[in-house]
Number of protein chains: 2
Amino acid sequence: MARRRQSVTIKHVAADAGVSLQTVSRVINNEPNVRPAMKERVQASIDKLGYVPSIAAQRMSGSRSYLILAINDRERTIADWTARQGGDWVDQMLLGGMLTASEHGYRMLIELVDTHDDHVERELGAALSALHPDGVVLTPPHSENSQITGLLAERGIRFARIGSKEPGPGIAMTMDDDGAAEEATRHLLELGHTRIGFIAGSEEYSLSDWRKAGWERTMGEAGLDCDDLCVRGDFGFDSGLAAARKLLALDDRPTAIIGSSDQMTLATLEVAHEQGLEVPRDLSLISFDNTPIVRFSNPKLTAIDQPIAKTIARAVELLIDRDGDEVEQPVVVSGELVVRQSTAAPPSGT
Amino acid sequence: MARRRQSVTIKHVAADAGVSLQTVSRVINNEPNVRPAMKERVQASIDKLGYVPSIAAQRMSGSRSYLILAINDRERTIADWTARQGGDWVDQMLLGGMLTASEHGYRMLIELVDTHDDHVERELGAALSALHPDGVVLTPPHSENSQITGLLAERGIRFARIGSKEPGPGIAMTMDDDGAAEEATRHLLELGHTRIGFIAGSEEYSLSDWRKAGWERTMGEAGLDCDDLCVRGDFGFDSGLAAARKLLALDDRPTAIIGSSDQMTLATLEVAHEQGLEVPRDLSLISFDNTPIVRFSNPKLTAIDQPIAKTIARAVELLIDRDGDEVEQPVVVSGELVVRQSTAAPPSGT
DNA sequence: TTGAAAGCGCTAACAC
DNA sequence: GTGTTAGCGCTTTCAA
């Protein structure tokens with residue numbers, strides 16, 4: 001266990017094993033053309049000295065940087081962190097991304113970028129120049145920001161677009177928003193609901209309309225009207241309040257509502273309570289996201305889980321293994337409906 | 001806006017400005033011995049070409065790596081992420097750490113390390129060799145793991161120890177656990193409580209006993225007994241359940257309980273409800289941590305906020321500015337008592 | 001199958 | 001003040 005003050009380099013290993021630097025390099029990178037005996041000898045020296053290649057040096061000499069950049073919207077992310085309302089998007093990204101990356105000897109670094117900024121390009125460009133990541137994971141709304149995707153494509157950096165279906169450079173991935181909305185709707189249909197309201201999310205996110213489309217289609221297939229049953233919010237709590245009020249003020253009021261985010265659905269729950277409606281007796285609720293908070297409301301919300309960790313894990317894999325191009329796109333990772341206490345049969349009077 | 005396929009290097013800038021590489025380097029690093037006119041000219045080229053130095057190259061040539069490593073306990077962190085119970089420790093670290101780091105041109109990278117593992121040293125050593133971070137932020141229980149602090153010291157890497165008071169290498173930092181417990185106790189005292197129970201955290205964390213000490217001292221100063229009023233948990237929900245049952249089974253039952261974590265305090269709330277006690281009418285509760293979930297219980301919990309973001313931000317600053325050594329240690333960043341709905345005067349009968 | 005040489009982009013040390 | 005030289009630790013030629 002030689003432990004030098006300065007960390008051990010490839011030279012030390014080469015000297016110890018009595019081979020050239022090149023051979024050590026080949027062993028590190030699992031390259032062919034190394035005789036087993038040689039390989040073993042070198043590996044022994046590596047283990048003995050506790051040698052670990054310097055990523056900076058590897059990157060310098062034109063090889064990989066072993067870095068994946070996960071990019072999130074700055075404003076939104078900081079707002080979430082500051083509000084401390086229980087959103088765990090970033091944690092789930094880390095859970096899926098970091099762990100998968102590290103299995104492959106990579107690291108994942110979070111980077112915050114302003115979408116609305118005029119200088120997204122400069123901001124992101126600087127990060128790319130400084131870090132030279134081997135891959136980038138884009139989350140909504142960046143996934144569909146052509147300034148960003150364009151820059152990445154131009155620089156020849158592999159990237160995944162979470163929440164995007166469009167063809168084009170980068171690996172498109174979705175969490176099956178359409179199918180999830182269908183599943184939620186179908187669940188309510190099976191319980192006997194016919195007036196199922198829907199609170200859509202911000203138009204800035206394509207997935208908002210995929211969810212809406214899934215609900216609409218399923219309603220249509222069941223021969224049911226959607227007419228005035230959809231209201232648009234912006235994913236936030238306040239917009240949910242407004243949307244819920246609108247829906248619950250309808251003459252033929254919905255007996256169930258699907259909210260496109262936990263915040264909006266929780267807001268709906270609050271409005272329901274305000275109006276003396278009991279959930280799920282008078283009103284069934286299904287939420288999208290399944291962030292921690294849905295477990296703490298009363299009743300606990302039935303929700304569509306967003307498989308963020310799984311999706312990011314898959315993205316990182318595709319980025320690292322470099323077979324993202326061969327895979328059929330969009331890559332879809334489906335979430336599931338987690339049934340809790342906010343859904344039941346509609347009131348019998350209806 | 002020259003935009004090359006390959007990113008622009010220091011050479012391009014030097015050529016464009018008609019100066020030597022070194023001069024450009026000096027400008028980048030804000031070094032002296034560059035005439036203002038020269039500096040301006042170089043800066044103009046930098047801006048024009050959109051040049052950003054490659055961190056890998058900077059690191060290679062013996063300068064900084066512009067990287068701060070934030071190390072968390074692997075097992076605990078993954079458990080938290082998987083449980084999705086609303087803990088936001090990592091988010092708060094990122095909020096404080098990432099943002100502060102980026103203000104200084106640094107990045108913060110999260111790294112998960114097993115404390116209990118026999119090969120902490122190898123694991124951490126590998127990360128250090130690969131990344132060569134300029135600084136490391138240690139969180140409990142790593143902060144007091146001498147294998148870890150020893151390795152860091154040996155390698156000459158600056159580090160901060162959050163939740164540690166001991167002298168020794170690295171910057172010791174606390175969130176004033178003792179003072180916070182005092183504040184919580186005092187708040188209850190002022191409301192008129194005299195039987196104040198305390199649920200301590202795992203002994204593996206020194207801060208558990210600092211909190212306990214703060215409570216004990218304050219109780220003592222008020223001439224009050226602590227005798228059977230302290231039960232130890234492990235920060236987790238189940239241990240809180242057990243501790244609360246023990247405390248509430250006491251003959252002279254406490255009218256208030258301070259829990260050393262949100263999970264344990266929430267468990268206490270549940271036990272109270274089980275036993276038909278109303279909070280805060282029959283029992284007051286104060287929690288430690290102030291993670292998102294305390295906002296979603298009924299009643300909302302009064303809690304001592306752990307100023308994680310602030311603390312990590314300060315740690316990163318001290319690490320980057322390299323004046324951590326001159327600062328008085330331990331560096332303490334105080335949290336505050338956030339009064340919500342779980343504290344009131346004790347039942348009048350008492 | 002192995003090794004030697006060159007160079008990645010940058011900065012330290014030294015000259016000028 | 002500014003430029004030159006060397007070299008960081010590694011991988012990519014290319015030669016043996």
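Note on naming: letters A, B, ... go to the chains in the order of the sequence lines (proteins, then strands), and numbering restarts at 1 for each one. Hydrogens, waters and symmetry mates are skipped; everything else that's a heavy atom, side chains included, is used. Small disclaimer: the values here were computed from a predicted structure and weren't measured.
- Using a 4.0 Å cut-off, no side-chain N or O of Tyr66(B) falls inside it from OP1 or OP2 of dC10(C).
- For dT2(D), the OP1/OP2 oxygens have no side-chain nitrogen or oxygen of Asn33(B) closer than 4.0 Å.
- Heavy atoms of other residues, nucleotides or ligands lying less than 6.0 angstrom from CD of Glu75(A) number 12 at most.
- Place Thr9(A) and Val34(B) on DNA chain D by their nearest nucleotides, and Val34(B) ends up nearer the 5' end.
- Scanning atom types as modelled, one donor and one acceptor separated by under 3.5 angstrom connect the side chain of Arg26(B) and the base of dG3(D).
- Counting any heavy atom pair closer than 4.0 Å across all strands shown, Gln22(A) reaches a base atom.
- Under a 4.0 Å N-O distance rule, the pair Asp134(B)/Arg158(B) does not qualify as a salt bridge.
- For the pair Arg64(B) CZ and dT11(C) C1', the computed distance is 12 Å after rounding to whole Å.
- Using a 4.5 Å heavy-atom threshold, the side chains of Asp88(B) and Asp88(A) count as separate.
- If you measure from atom CD of Glu31(B) to atom P of dG1(D), you get 14 Å, rounded to the nearest angstrom.
- Remark: Thr23(B) is not in phosphate contact with dT2(D), judged by side-chain N or O atoms under 4.0 Å from OP1 or OP2.
- Using a 4.0 Å heavy-atom cutoff across all strands shown, Val24(B) reaches no nucleic acid atom at all.
- To the nearest angstrom, P of dA13(C) lies 14 Å from CG of Asn29(B).
- For Gln58(B), a side-chain nitrogen or oxygen approaches OP1 or OP2 of dT11(C) to under 4.0 Å.
- Distances shorter than 4.0 Å separate some side-chain N or O of Ser25(B) from OP1 or OP2 on dT11(C).
- Taking atom CZ of residue Arg41(A) and atom P of nucleotide dT1(C), one finds them 16 Å apart after rounding to whole Å.
- Atoms CE (Met60(B)) and P (dA6(D)) sit 18 Å apart, rounded to a whole Å.
- Remark: Ser54(B) is not in phosphate contact with dC10(C), judged by side-chain N or O atoms under 4.0 Å from OP1 or OP2.
- When rounded to the nearest whole Å, the span between CZ of Arg59(A) and C1' of dG9(D) equals 14 Å.
- Nearest-nucleotide mapping onto DNA chain D: of Pro36(B) and Gly62(A), the residue sitting toward the 5' end is Pro36(B).
- For the pair Ser20(A) and dG3(C), the criterion of a side-chain N or O lying under 4.0 Å from OP1 or OP2 is met.
- Among the nucleotides dT12(D), dG3(D), dT11(C), the one closest to the side chain of Val19(B) is dG3(D).
- You'll find the side chain of Leu67(B) stays beyond 4.5 Å of the side chain of His132(B), heavy atoms only.
- Taking atom CG of Leu21(B) as the reference point, atom P of dT5(D) lies 12 Å away to the nearest angstrom.
- Residue Pro32(A) is out of contact with every strand shown, counting any heavy-atom pair closer than 4.0 Å.
- Checked for salt-bridge contact, Glu166(B) and Arg161(B) miss the test: no charged N lies under 4.0 Å from a carboxylate O.
- For Met38(B), the side-chain atoms get nearest to dT2(D) when compared with the rest of dA12(C), dC10(C), dT2(D).
- None of Val137(A), Thr139(A), Ile162(A), Val316(A) except one satisfies the side-chain contact (heavy atoms from CB on, under 4.5 Å) rule with Thr311(A); the exception is Ile162(A).
- Applying the 4.0 Å criterion to OP1 and OP2 of dT2(C), one finds that Arg35(A) has a side-chain N or O inside that range.
- Atom CD1 in Ile55(A) sits roughly 15 Å away from atom C1' in dT11(D) (whole-Å rounding).
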